[in-house]
Amino acid sequence: MTKKKLKKQIGGSHYKYMAIQPIEYINANHLKFAEGCVVKYVSRHQNKNGKEDILKAIQNLEFILQRDYD
């Protein structure tokens, strides 16, 4: 993914100023969907939805637990 594409963000600026955007980390590490969501929500919680994003991260961690360990 090019830096030019990363400069375009629809709806807010909570990712634009990060040194490494969540999508870069997620793609580089070939993370599954739920793991990627955890990275995304934890990365943005202070600049977007606060507690709601942490709860979303926890929900995705619970999905991972169920998917991989139950």
Side-chain angles (χ1 to χ4, degrees):
M1 184 168 296
T2 66
K3 289 289 182 185
K4 183 178 178 182
K5 288 186 188 260
L6 291 172
K7 287 184 180 182
K8 179 181 178 184
Q9 181 177 336
I10 299 169
S13 60
H14 44 279
Y15 298 127
K16 285 178 84 169
Y17 304 107
M18 292 182 177
I20 300 169
Q21 289 193 24
I23 191 69
E24 293 176 276
Y25 179 85
I26 292 163
N27 287 342
N29 291 287
H30 308 286
L31 297 184
K32 294 179 182 177
F33 182 77
E35 287 82 348
C37 288
V38 171
V39 170
K40 174 180 77 168
Y41 292 130
V42 169
S43 297
R44 75 181 197 187
H45 77 95
Q46 292 179 323
N47 297 311
K48 191 168 184 206
N49 296 323
K51 182 179 177 179
E52 180 180 323
D53 278 342
I54 295 300
L55 292 172
K56 288 178 181 181
I58 291 168
Q59 181 182 37
N60 278 278
L61 288 166
E62 290 171 344
F63 292 153
I64 295 166
L65 280 172
Q66 183 176 19
R67 181 193 70 207
D68 295 346
Y69 301 102
D70 280 349

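Just the heavy atoms: all of them, side chains too, but no hydrogens, waters or symmetry mates, feed the values below. Along the sequence shown, the residues carry numbers beginning at 1.
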Separation between [atom1] of [X] and [atom2] of [Y], rounded to the nearest 0.5 Å:
X     : Y     : atom1 : atom2 : result
Lys51 : Ile58 : NZ    : CD1   : 9.5 Å
Ile23 : Leu31 : CD1   : CG    : 10.0 Å
Phe33 : Asn60 : CZ    : CG    : 7.0 Å
Asn47 : Arg44 : CG    : CZ    : 10.5 Å

- line: By side chain to side chain donor-acceptor pair (under 3.5 Å), Glu35 pairs with (sequence neighbours left out) Arg67

field: Closest contact, heavy atoms only, Glu24 versus Gln21
entry: OE1-N, 2.8 Å

field: Nearest heavy atoms of Val39 and Pro22, plus distance in Å
entry: CG1-CB, 4.2 Å

Student check: side-chain heavy atoms of Lys56 and Asp53 closer than 4.5 Å: yes

message: Please say yes or no: joined through hydrophobic side-chain contacts below 4.5 Å, possibly via intermediate residues, are Ile64 and Val42 part of one cluster?
response: yes

query: If you group Ile, Leu, Val, Met, Phe, Trp and Tyr by side-chain heavy-atom gaps below 4.5 Å, do Ile20 and Tyr17 land in one group?
result: no

